[in-house]
Amino acid sequence: MSLFLKTLYASITGALGGLLAWLILDVLVRVEPANPYGDAVLNGALVGACIGAAVNGFAGLMEFKPLPFIRGLLIGLVAGALGGAAGLAVGQFLYQAAGNHSLVRIVGWGIFGLCLGVADGLLALSLRRVVYAGLGGLIGGLFGGTASTLLAGTENLVHLSRALGFVVVGALIGLFVGLVPTVLKDAWLKVISSGRNEGKERIADRPRISIGSSSRCDLCLYDDPAVKARHAEIAQDKGQYILKSVGDAQVMVPAGPQGMPVSSYILQDNDRFVVGNQTIIFRRRRSG
């Protein structure tokens, strides 16, 4: 899946997670805690769990394997619940400290989004993505919280303002969690050969990016018997991206009739290489 589509789907699934949270809180359960802090913690935990599970679970589901889906679902659920509860509790504290000024609650939504973004980075096992996705979640949470606060004050939407607010918060957090790492990426890979893997992209945001047919690989190449479970990897070393074959697996550079098998090769922007029957292009924004 392309990075653009991943970002789009993250926004859509975030919105659906927000809608699910509203249905549970306001339609199915209708729990009303006696104090405002209890209300903030309950709402934050449930909204965060729904949005986090939806966004991270769907990302795993796109690999068409159960393990990434379950891992994404659980990490998103737990991190979302904890981050949501903490964020809205902080927002409630600031709200009361500022004399019940509703706009300060936006800070709580920002913390809420930050935690969801950090969960995305933890799922990817990437410190760089923790920072970038956390920043994206913070931005999305602040924008979403602003929109939610404005919707809450709209008289014509008395019955739908909370539903729309949760949907907008989820959509914007999902959008920016995907968008910021994509915009700030340094290097990335794209499968350009035809077939099931065509168009699949992966940001090179970890010290080592694994390539193979296993769902545990960072760039998973399915339905190609010539691709081993762990076929190749790209390691970062002093600003360089080094392509390496794993074991006796064969990696061809460059792609095409004149390609030669390599065990180690320093990648440059626009280099193409072959793993199994899959042609992959390496792109880099900076060169050194």
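Because only heavy atoms are used, hydrogens play no part in the values below, and waters and symmetry mates are left out as well, while side chains stay in. For clarity, every value in this text was computed on a predicted model and none was experimentally measured.
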Query raised in the report: When clusters are formed by joining ILVMFWY residues with side-chain heavy atoms under 4.5 Å apart, either directly or through shared neighbours, do I203 and I211 land in the same one?
Result: no

Query - Closest contact, heavy atoms only, P181 versus R129 - result: CB-NH1, 3.3 Å

Residues 10-17 side chain polar contacts: donor-acceptor under 3.5 Å, at least two apart:
unit_1: S11; atom_1: OG; unit_2: A171; atom_2: O; d: 3.0
unit_1: T13; atom_1: OG1; unit_2: Y9; atom_2: O; d: 2.8
unit_1: T13; atom_1: OG1; unit_2: A10; atom_2: O; d: 3.2

Report task. Quick one: name the residues clustered hydrophobically with I281, using the 4.5 Å side-chain heavy-atom rule over I, L, V, M, F, W, Y, and just say none if it's on its own. Result -> I192

Report summary line: For C50 and I24, the nearest pair of non-hydrogen atoms, with its separation, is SG-CD1, 4.2 Å

**Report entry** Heavy-atom side-chain contact between S264 and I242 under 4.5 Å
**Finding:** yes

Report task. Specify the closest pair of heavy atoms between A40 and Q92, including all atoms of both residues, with the distance to one decimal. Result -> CB-CB, 4.0 Å

Query raised in the report: Would one find more than 12 heavy atoms of other residues, nucleotides or ligands at under 6.0 Å from atom OH of Y37?
Result: yes

Query raised in the report: Is any side-chain heavy atom of V275 closer than 4.5 Å to a side-chain heavy atom of L221?
Result: yes

Query raised in the report: Can you tell me if K200 uses its side chain to pair, donor with acceptor, with the backbone of S2 under 3.5 Å?
Result: no

Report task. Please report the shortest heavy-atom distance between G212 and C217, naming the atom on each side. Result -> N-SG, 3.6 Å

Query - Closest contact, heavy atoms only, R285 versus V183 - result: NH1-O, 3.0 Å

Requested in this report: Sequence neighbours left out, what passes ring pair (Phe, Tyr, Trp, His ring centres under 6.0 Å) with F143? Give chain and number order.
Outcome: F176

Report summary line: In terms of heavy-atom contacts, V227 and Q278 come closest through CG2-CG, 4.3 Å

Query raised in the report: Without hydrogens or angle criteria, can the side chains of N35 and D39 be said to hold a donor-acceptor pair below 3.5 Å?
Result: no

Report task. Taking side chain to side chain donor-acceptor pair (under 3.5 Å) as the test, write out the residues that go with R283, two or more places apart. Result -> D269

Query raised in the report: Could you state the interatomic distance from OG1 (T182) to CG (L3), rounded to the nearest 0.5 Å?
Result: 5.0 Å

Requested in this report: Mind checking the OG-CZ spacing from S148 to R162? Nearest 0.5 Å is all I need.
Outcome: 9.0 Å

Query raised in the report: Can you list every ring pair (Phe, Tyr, Trp, His ring centres under 6.0 Å) pair that touches residues 228-252, not counting sequence neighbours?
Result: Y241-F282

Query raised in the report: Any salt bridge between R208 and E233, counting N to O under 4.0 Å?
Result: yes

Report task. Output yes when D205 and R128 qualify as a salt bridge under the 4.0 Å nitrogen-oxygen rule, no when they do not. Result -> no

Query raised in the report: Is there a side-chain contact between V55 and L116, using heavy atoms and a 4.5 Å cut-off?
Result: no

Report summary line: Taken in chain and number order and not counting sequence neighbours, the residues that satisfy ring pair (Phe, Tyr, Trp, His ring centres under 6.0 Å) with F166 are none

